[in-house]
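Presented below is the structure to which this report refers.
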Amino acid sequence: MSSILVIAEHRRGELRPVSLELVAAANELRGAGEQVVVGLIGKHAHAFVAAVSKQGVDEIATVTAPVEDFDPDVSEAAVRALIAKYSPSLVLIPHSVDSYGYVAVLAAKDQLGFATDVYKIAREDGAWVATRGGYGQKVAVELDFPGRSCVCLAVRSGSYKPNEENASPTVTTVDVPSLQASTTPLEYVEVSAGGDVDITTVPFIMSVGRGLGDEANLSRFKELADQVGATLCCSRPIADSGWLPKSRQVGQSGKTASACKLYIAMGISGAIQHLAGMKHVETIIAVNTDPQASIFNVAKYGIVGDIFEVADALEQEFS
Amino acid sequence: MKILIAIKQAIALDEDFEIRADGRDIEEDFFLPDLNEWDEYSLEEAMLIKERHVDTSVEVVCVTIAPDSADEALRKCLAKGADRAIRVWDDAMEGSDPVAIARALAAVAKKEAPDLFFAGVQSSDHAHGATGIAVAGFLGWAHSAVVARLDYAPGAKEAVLKRELEGGLSQELRVPCPAVLTIQLGINKPRYASLRGMKLAAAKPIETLESSDIGLSTNDCGETGSLSRVRRMYVPEKQRAQILAGDIAAQAKALAAIIREATGG
Amino acid sequence: MDPHELTRILFQDFPSWEVSFFYLVGFAAIGSFIYGVYREVRKYLRGVPDARVVWDYAHIKQGMIAIATHRTLVRRDPYAGIAHRAIFYGFGVLFIGTSIITLEYDITNRLFGLKYWYGDFYLWFKLAMNIAGVSLVGGLIYMMVRRGWIKPPKLDYARPDRAPDAPDYDRSNYRIEDWLFLWILVIIGVSGFVLSGARMIWLADRPEVWDIRWWSPVGALFAYALRALGLNAEGAVILRQLIWWSHGALALTLISLIPYTKAKHIFTAIVSLVVRDPLPAQRLPKVPEGQEQIGYRFLTDMSWKQLLHLDACTKCGRCHEACPARTTGGPLSPRDVILSLRELANSALEYSAVPEQSKLAMHGTGVGQVSSETLWACRTCMACVEICPVAVEHVPIIVQMRRALVEEGDMDPLLQKTLQTIHKSGNSFGESRRKRGGWAKVLPFPVKDARKEPVDVLWFVGDYASFDPRNQKVSQAFARLMHAAGIDFGILYDGESNAGNDIRRVGEEGLYEHLAESNISAMQSADFNRVVTTDPHSFNTIKNEYPDFGGQFEIEHYTSFVMNLIEEGCLTVKKQLGHRVTFHDPCHLGRFNKGYDAPRKLLEAIGCELVEMKRCKDNSFCCGAGGGRIWVPDPVGSEKPAQNRMREAATIEGLEVYVVSCPKDLTMFEDALKTTGYEGKFVVRELLEMLEEALEINLVEAEVTA
């Protein structure tokens, strides 16, 4: 019986939401008679069983790891064991910082079909076809995996919508002997320590990017944000330059605008890492002088223009 | 002590690019090559280790698996202070995916026997995020990805580093050495390579090798040695924002209306 | 009276030991002077040769004329210039007078028995000396009043490149030297008159002295004054003895100390003016063939001429006053760059052996060093070089020091990024090369590709004019204008890269060479007769610097080009605009290349009333974009040079238009108009756009795509 294996990801006791997106993907892609198996790897893997018991999951396989936190060797060996047990034709792993650390090693050693940052998966004549971006996300690249009976794909978060419905899949404990961690975790560090606002909770964000130009222009947008009732945030270059604290950075290595309903992007081009933090927002308005900027592909409304002119005109409307 | 760094000449696409006739890549005329942004950081990190420990001799060697057009990227590295540069390529390597490249890189590493292997987290063109770490698979070395800070003394048995995680979080950990590390943006401030510096570096030799020189057979290279194959490249349909109508004043008015409706005030 | 009797007996009534003693002192003074000169010249020669210095008749002549007329000193401070002329000529004539006496006494008479200092010659000689003395003392007194009471701001030695607690912040030693110098000269001068008067009283019984007293009118007045104070002949003998020695000792001391004090400017200024480069900041020095290290790190990297410049500076403060960075509170004063390096050179290069390299390091925050912050604040606007009365060339020194900083990568990260961008895409905007000619697509007529077909006029467009949306409109206007005038013109499209002027001034010489070579190659492959440009920066480098790289092209800025078209009748002014305007001379067109007239003629031709700003033409105040500063953000909260300039313009009663003719000026001033709050009071407009209006060039435009 062929199967699709999904490797769930968790951190500091919380299941990462992308895991459920992958479950939904597996459910969508399953063929007749194909099982969807979710792998949970960790010291207390059982704690996440309830969270992954969603409609579409046939079986949950838990692997007890010697360590609480992510370790590349442990994950690699555990996934290898799960593949050996379930012989999946497809393995779905989140494309994340953790998976950056081990999936390529697994694929290289075991010669699995392999691609990363995949956002679309299809099956053609029984063979898997994956689509990812290329040349700075300017093109789409379709990949296939001739001769590979097992294909391992690292899937981009936000590509599939998770299932909300619960289910009761079987739970199997998979014993993987001699799992050994190679790294020694020391501690976690939160960058945003320090009394500023938590931007993951605010409903209205005005974000500034490279188009700001000068640190001197920041105050103008601070004022504007206050005037319209938005929280001022930024893309990575602004935080890297120190013009705004890192806690205000929206993006993959910053924060996700989880509670945001209205997002105004001022002078932000729309690099994929920034989009990761905001493209889910219901109403996005982008202002940029470049009509080709990627931000316009995720925005609902757009203004092709100078952010300072727009700021001035907007100020007029609110004064 | 030696640090081996994998670098890549990443390709950006020029305006109005065209897809190649076979549909599997873009026309080369529209290629705008430049040293991968991440590699600037990994090279800088190696140079900092070299310069911090003047009493120990630290050799910084750059390697790339690419045709001779990548020599420019290697020269930039030499201009920034790398001691040697190696380039491996032959026609059999055409069509290599990240893992096939990694196999070649690992073969070079076996030859060079470095104490540390650096690569960028990903490349600015295709962003696989796989090549660097896959080298660890072929070498059997310890590894860690997305390194945002590194504390390492030449020849030490382990390194203390910081992984940059999602959502503004990072994790400190110890990794045994030798290790393969993929370096993240922002770990340091890459130095400038002036054009004069690059001109002078052009005098330094680049060691050019073929797959046979590093013990690879044709099966190890190109499409045969890869774990995926590019079937097709195309420009996807893009969802487009609705551009607000009118002049700046009219657009601002419309924008203000959207804001008021959303904030209910 | 026998003319031979009309003379002065030297060393009159001196015992021979006293005369010998005087000669001893004299030779000691001369010895000290010679050693001092030797030490200074040795210091200068520790620098490298300067390939551009030309010792020929033309250069020496221009230098001598400049010195004789004092034209460099009367600029922007006419009273000081006149006073200095008085001092200069006074001192000069007195010195020549003393030499005439010495020549006869020690040489012609001693060796050949030849005398000439007597009779009518002697009488006119006395008069000339008196006038010279009055001139000297008068000039000096003005200078004292200037320093002590008028206190012009430029004489404030407070330096913007050091914190008040820095060891070299305090400049009181300079002030003490200044006052000492003035007082010593005044005392020498006045004591000369006292001496003359005392002698007259002492020898009042001799007709050959007393009867001709009015030939020394001031001396005579002093004699009467002294008499009124009760001095008789016996007292006069003593007074004369006293004053003779004090006057003599003071004068010889001064001479002996010339090479060790600010008095050395007598020589350093003269040489500096003679060897001045005609294009010091407009045509920067190439890296000598085969030289590996570029830029200045150590004092010995400088040329002898530059080391001389450090000593030519007289702290007049004109550069300090003119500098736009200094004026807006930046950590740069050209004066203090020169003085710092002078202090460093004096502490390191005046010994018999050259010290180890660390003592010669020019960069840093130590005493006598120049910090990176200071160097990066420069706009290379050349206001300092242009106004310096002693021809110090500050800008090349700053650029050479920047070259070293660039090699080290010591620069603002945004600047670094811009340089990398320019290297990659040939423009500072990071846009694809293919888009360079995109602005021309909206025109209702095709713009020829000069790479593909021959043209009469090649238009070198430039970065800002090609890619900046606001400046693209100006380019479109110029295209329409040339089309209307029937000019056969073309552009290089993506064959053109950034001309490199500002990259060179940032100090990235390698990138400049790369850009220049690329542009020159593209231009040489094209077929054209002359070049025109709307960008003063490109104009400067193509005109003055490209020839050093093998590119000799006849180039004009649009202002003179269009003025010619109007004068030749190819374009006719249809409408008189009637605005009250002021014109901002762009640094690279005006001060750099003396292009002050064409824009003014144009404004007149289109019927505008021109009211000059106080700082106009050679004194035009830089918009702040030069030297790469347009790519580096200004510190938050400080005034920008463009804002300072807007405030100046705002003082013009009824000003309607602030006219510019440079793409960077347009960008900087349109922004400054908003941030200084003068929007609505007057507008900033490009001269080209005003010309288009006045010439009524009405062509239907294609729809501008978003």
Side-chain angles (χ1 to χ4, degrees), chain A residues 72 96-97 100-101 104-105 107-109 111-117 134-136 138-146 182-192 204 228-229 240 246 252-256 261-262 283 285-286 296-297 299-305 309-310 313-314 317-318, chain B residues 11-13 26 98-99 102 121 124-130 133-134 136-138 142-146 160 163-176 182 186 227-236 238-244 248-249 251-253 255-256 258-259 262-263:
Chain A
S96 66
V97 176
Y100 269 168
V105 177
K109 280 189 187 162
Q111 293 289 291
L112 309 170
F114 174 54
T116 61
D117 200 22
Y135 293 113
K138 282 197 176 163
V139 297
V141 182
E142 225 174 61
L143 302 164
D144 61 6
F145 314 91
S182 58
T183 64
T184 316
L186 297 173
E187 60 165 346
Y188 285 98
V189 180
E190 287 255 23
V191 181
S192 56
F204 180 14
V228 304
D240 277 352
K246 192 98 174 141
Q252 194 170 53
S253 58
K255 301 268 184 220
T256 304
K261 294 279 176 284
L262 177 59
T283 308
I285 305 167
F296 289 117
N297 300 127
K300 195 173 199 178
Y301 301 107
I303 298 178
V304 178
E309 286 180 17
V310 173
L314 194 58
E317 293 292 321
F318 279 86
Chain B
I11 308 292
L13 292 181
I26 306 302
V99 174
V121 167
S124 35
D125 51 9
H126 298 308
H128 292 286
I133 283 294
F138 291 110
H143 47 279
S144 195
V146 198
V160 174
R163 283 197 312 149
E164 183 189 84
L165 304 174
E166 292 90 346
L169 189 66
S170 55
Q171 185 199 31
E172 290 219 348
L173 59 149
R174 269 206 298 268
V175 177
T182 68
L227 300 177
S228 66
R229 184 183 66 166
V230 174
R231 220 168 68 145
R232 179 169 83 103
M233 262 194 215
Y234 60 95
V235 178
K238 285 210 178 89
Q239 165 211 327
R240 230 8 230 184
Q242 179 192 328
I243 303 292
L244 298 176
I248 294 277
Q251 289 172 319
K253 224 189 178 75
L255 179 53
I258 295 169
I259 292 173
T263 57

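In what follows, chains carry the letters A, B, and so on, assigned in the order in which the sequence lines appear, proteins first and then strands, with residues in each chain numbered from 1. Because only heavy atoms are used, hydrogens play no part in the values below, and waters and symmetry mates are left out as well, while side chains stay in.
- In this structure, the separation between CG on B/Leu169 and NZ on A/Lys255 is 8.0 Å, given to the nearest 0.5 Å.
- Contact of B/Val230 with chain A is made through backbone and side chain together, with heavy-atom distances under 4.5 Å.
- Between A/Thr116 and B/Ala127 the shortest heavy-atom distance is OG1-O, 4.3 Å.
- Heavy-atom pairs under 4.5 Å with chain A peak, among B/Val235, B/Leu255, B/Val175, at B/Leu255.
- In terms of modelled atom types and a separation under 3.5 Å, the side chain of B/Glu166 and the main chain of A/Val97 share a donor-acceptor contact.
- When heavy atoms are compared at a cutoff of 4.5 Å, A/Leu262 approaches chain B solely by way of its side chain, counted from C-beta outward.
- Ranked by heavy-atom pairs under 4.5 Å with chain A, the list B/Met233, B/Lys253, B/Glu172 is led by B/Glu172.
- Closest approach of B/Ile133 and A/Ala104 over heavy atoms only: CG2-CB, 4.1 Å.
- For a residue to count as touching a neighbouring chain, one of its non-hydrogen atoms must lie under 4.5 Å from one of that chain's; by this rule A/Phe114 touches chain B with backbone and side chain alike.
- For the side chain to side chain contact (heavy atoms under 4.5 Å, CB included) test, residues two or more places apart in sequence or in another chain that qualify with B/Arg232 are A/Glu142, B/Tyr234.
- In terms of heavy-atom pairs under 4.5 angstrom with chain B, the leader among A/Asp144, A/Leu112, A/Ile303 is A/Asp144.
- Considering every non-hydrogen atom in both A/Phe318 and B/Ala256, the closest pair reads CE1-CB, 3.7 Å.
- Residues satisfying the ring pair (Phe, Tyr, Trp, His ring centres under 6.0 Å) test with A/Phe296, not counting sequence neighbours, are none.
- Chain B forms the most heavy-atom pairs under 4.5 Å with one residue out of A/Thr283, A/Ile285, A/Asp117, and that residue is A/Ile285.
- The closest donor-acceptor contact from the side chain of A/Thr183 to the backbone of B/Arg174 lies at 3.5 Å or more, if one exists at all.
- Comparing A/Ser182, A/Ala115, A/Ala299 by how many heavy-atom pairs each has under 4.5 Å with chain B, the most go to A/Ala299.
- When heavy atoms are compared at a cutoff of 4.5 Å, A/Leu143 approaches chain B by way of both its backbone and its side chain.
- Side-chain contact between B/Ile26 and A/Tyr135: present, with at least one pair of heavy atoms (C-beta onward) separated by less than 4.5 Å.
- Taking both residues in full, the closest heavy atoms of A/Gly302 and B/Ala241 are given as N-CB, 4.0 Å, listed atom of the first, atom of the second, then distance.
- Each of A/Gly305, A/Ala108, A/Ala140 has some count of heavy-atom pairs under 4.5 Å with chain B, and the biggest count is that of A/Ala140.
- There is no contact between B/Ala12 and chain A, counting heavy-atom distances below 4.5 Å.
- The choice from B/Val99, B/Val160, B/Leu165 that makes the most heavy-atom pairs within less than 4.5 Å of chain A is B/Leu165.
- Listed options A/Gly229, A/Ala286, A/Gly136 were ranked by heavy-atom pairs under 4.5 angstrom with chain B; first place goes to A/Gly136.
- Across all non-hydrogen atoms, the minimal contact from B/Val146 to B/Val121 is CA-CG2, 3.6 Å.
- The two atoms that bring A/Val228 and A/Phe204 nearest to each other are O-CE2, 3.3 Å, heavy atoms only.
- Each of A/Gln111, A/Glu187, A/Lys109 has some count of heavy-atom pairs under 4.5 Å with chain B, and the biggest count is that of A/Glu187.
- For A/Lys138, the parts sitting under 4.5 Å from any heavy atom of chain B are the backbone and the side chain alike.
- Using a 4.5 Å cut-off between heavy atoms, A/Pro146 contacts chain B through its side chain alone, with no backbone atom that close.
- Contact count versus chain A (heavy atoms, under 4.5 Å) is highest, among B/Leu227, B/Ile258, B/Leu173, for B/Leu227.
- At a 4.5 Å heavy-atom cutoff, the contact between B/Arg163 and chain A is made by side-chain atoms alone.
- For B/Ser124, the part lying under 4.5 angstrom from a heavy atom of chain A is the backbone only.
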